[in-house]
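Here the structure comes first, spelled out in C-alpha cells, and everything after it is commentary.
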Amino acid sequence: MSLVGGITLKGINAYKVEVEVEVTGGLFSISIVGLPDAAVKEAKERVRASLRSLGIRVRGRVAVNLAPADVPKEGALLDLPIAVGLAEKLGSLLLREEALFLGELALDGRVRGVRGAVPAALLARELKVPLFVSSENVPEVALVEGVEAYAVNDLQELIAHLRGEGVLNRVTRMDPSELEVTAEPDFSDIKGQGAAKRALEIAAAGHHNVLLIGSPGSGKTMLARALRGVLPPLSDEELTEVMLVRSTVGLSFENSRNRPFRSVHHTSSAVAVCGGGTSLRPGEITLAHRGVLFLDEFTEFRRDLLESLRQPVEDGNIVVSRSTGSVSYPSRVLLVAACNPCPCGWKGDPLEPCRCSPTEVERYQKKMSGPILDRIDLYVSVPRLSSRELLGLEGQQGEKSSQIRKRVCNARKIQQERWSPWGYSCNAELPEKLLRKEISLKSDVRTFLQGIASSLRLSGRGLSRVMRVARTIADLEGCDNVAVPHVSEALAYRETGFLS
Amino acid sequence: MTEHLELGNWGERIAANFLSEKKWKILEKNLRLKRGEIDIVAMDGKELVVVEVRTRTLGRILPPEATVGPQKLRKLVRSGEEYVMKNNWQGPWRIDLVAITINNDNSWDIEHITDISVGEFRS
Ligand SMILES: [Zn+2]
C-alpha cells in the first residue's frame, strides 16, 4: 500500500485516492492511469517541471496509478501527491507515515490552492493522517478542528519537510468565537420601508420565504441583501457547513458569521442553479445553503427552472444525477423572490402611471402563483418612495440590523425550544398538521380565524400559512399564545392582498 | 555533399569532446542501425543517452530544438529502442540534442538540450 494519498470530490465529500508510482528503465515517459487524457498531459508537465526546478530529474518509464480507478478525478487536485510519490520513488525522500496531499503545482514548484481543502481536512481528520495543503488554503483549513495540517508554499520546502527537516508550519486552528456578522447593507441604511422591514424581520424570525413586490427602483434588491444581516449568526456547525460548500467550488473563507447571499438570474442554466455539469459542482442553491437565495425578476423565470428548485427548497438538499452516480448537496435556503407588480412595472406607483390593461395584469399575476410560490409565506409590498417622502425621512435613523437581529435570535430560540421535541427548529419547517395541533391559540382566536377563513374564502393551505406567520409574530413578541393582533398582521402578508 | 558530411563529422567530434569534458562516457559514435543512425551514444552517470548532433552555419534563425521535428524524433526513439534492446540495457535512457552553431568569424557555440522527447513518445 502506498503512503501517499490525494483526494477526489464527490458532492461535498472528499474521498481518498491512493497514489502509486512505479519507475522502470526505458525511454523517459510518464503515464497516469485514472485521470482523463487532457488532465494527464497537463499534470505531467506541471509535476515534471516542478520537480526539475528542484533539481530532481525524472528518468525512465514512470507509471502513476491512481486508485480506485473507476472514481472520477481532477488533475489539479492530485499534482502534489503525484510529485511527492515520484520524489519518493526517485529517492529524494522517505515517507514514514501515511499522509494526504492537496495542491496544484506551478511550473516553478510553487503550490497553488485548489478547491476541496475543507473536505480534505475533514477526511484527514477522519483517517487520522496529516494533511499538506497550499498556504492559500490555510484560512479555510484553520476552521476545521482537530486536523493535523501543514501549510506548503512550494514543493521544495515540502520535500525538505518530508526528509525530516521539519520546516513547515502547522496550521493553527482559528478561534471562531471572534467571528461576527458584518453583513451589508445595514437596515438603517435603507430609508423608509418600515412595513417591508417589518415583514423581513418576521421572515428572518420564522425562516419564512418571501416575495417582494415593487416597482423598479423601489429597493427590493437592497432589502433582500440586507436580510442576511438580521438573520441569526451562523453557528459553529453551520459555519463549517457553509465553508465546506464554498471550499468545494474554490471560494475562500469570508472571515465572518455572515449567512450566504446568492443571487440567481432568470437566464441562469439549471446546472448553474442546481449544480451538476461535467465537473459536478454545487449550484447557487447549495452556495446559498444556510443563507439567502435571491430570485430577482421572479416572473421571468422559466417554469422548469422553478420546478427544479421546488424539491430542494422543500427538502433542504438537492440530488444531482450523473452517469457516474448521483450526488447530494445541502440546500437549506431562505428564499427571497422579487418581481414587479405588473408587466410595465408601475402599478400602484405614486408617480408613474401603469400602462397595462386589466387582462395583462391578470395574466401577469397568474405567474405569481406558479411553482415555488406555494412555498412563500410572506407577500410583501415594496412601494417606491416619492422624493418628498424621502426628504421627510432625511436625518431619521432607522433601526440597526444588529438590534433587529437580537429580536430575531430570541424568537428563534423560543421556536427551537418549542419544536425540538419533534425535531424542528423554526416555524417555517413545521408540517401543517403539527402546526395546527400545537400552535397554542388564544381562545378567541379560533373563532376569529373561522370567521375570516369563510369571509376571505381562505383555502386550508392559506389558513395554515396565516397561522404559521402569526405564530412567528407572537414569538417575536415573546407571547406563548397567538392572539388576534398577531393573526391580523399575518393576514396582511397574504398574496390576495396584491391580487385584489 | 562531401562538405556536408565533413561538417557533420567535425561536429560529432566537437560534441563528443564536449560531453567527455562533462565526464560522460562515450560508448558509440556515428552508429548505423537497421532503424536509423545515432550520432553518439553515451552514459550520463547511470542514464544512457542517445545524442543527436546538429551542426549548422545558418546562424540562429531557429532555436536548435526546432530543427528536430516530430518525425526525426520518432526515428531517434526507434533507433534508441533498437540499441538498448541489442545491448540489453535495462536502465533509463533519454534523447539529448547537441547543437553546434558556427559563427561568421569561424568561432562556434555549443548548446546542449536534454531530454528532447520530453516523455511524449511511449514505446
Ligand atoms: Zn403596469
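Just so it is clear, the values below take in all heavy atoms, side chains as well, and ignore hydrogens, waters and symmetry mates. Chain identifiers are assigned alphabetically (A, B, ...) following the order of the sequence lines, protein sequences preceding nucleic acid strands; residue numbering begins at 1 within each chain.
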List, one per line, each side-chain donor-acceptor pair under 3.5 Å for residues 88-97 of chain A, sequence neighbours excluded.
{"from": "A:Glu88", "atom 1": "OE2", "to": "A:Leu95", "atom 2": "N", "distance (Å)": "3.2"}
{"from": "A:Lys89", "atom 1": "NZ", "to": "A:Val21", "atom 2": "O", "distance (Å)": "3.1"}

In Å and rounded to the nearest 0.5 Å, what is the CD to CG distance from B:Glu81 to A:Leu27? 7.0 Å
Whether over 12 other heavy atoms sit under 6.0 Å from A:Glu74 CD: yes
Mind listing the side-chain donor-acceptor pairs of residues 83-92 of chain B below 3.5 Å, one per line with the distance, residues two or more places apart or on another chain?
{"from": "B:Tyr83", "atom 1": "OH", "to": "B:Glu28", "atom 2": "OE2", "distance (Å)": "3.2"}
{"from": "B:Asn87", "atom 1": "ND2", "to": "B:Tyr83", "atom 2": "O", "distance (Å)": "2.8"}
{"from": "B:Asn88", "atom 1": "OD1", "to": "B:Gln90", "atom 2": "NE2", "distance (Å)": "3.0"}
{"from": "B:Trp89", "atom 1": "NE1", "to": "B:Gly91", "atom 2": "O", "distance (Å)": "3.0"}
{"from": "B:Trp89", "atom 1": "NE1", "to": "B:Pro92", "atom 2": "O", "distance (Å)": "3.1"}

Kindly compute the distance separating NZ (B:Lys46) from CZ (A:Arg59), expressed to the nearest 0.5 Å. 9.5 Å
Need one label for B:Leu48: side chain, backbone, both or neither, based on atoms under 4.5 Å from any heavy atom in chain A. neither
Salt bridge (charged side-chain N to carboxylate O under 4.0 Å, His left out) assessment of A:Arg48 paired with B:Asp115: CA-CA 12 Å; A:Arg48 179 161 177 266; B:Asp115 215 348; 2.8 Å; yes
Return yes when atom NZ of B:Lys25 has more than 12 non-hydrogen atoms of other residues, nucleotides or ligands closer than 6.0 Å, and no otherwise. no
Other residues, nucleotides, ligands: >12 heavy atoms within 6.0 Å of A:Glu165 CD: yes
Once rounded to the nearest 0.5 Å, what's the spacing between atom OG1 of B:Thr114 and atom CZ of A:Arg52? 4.0 Å
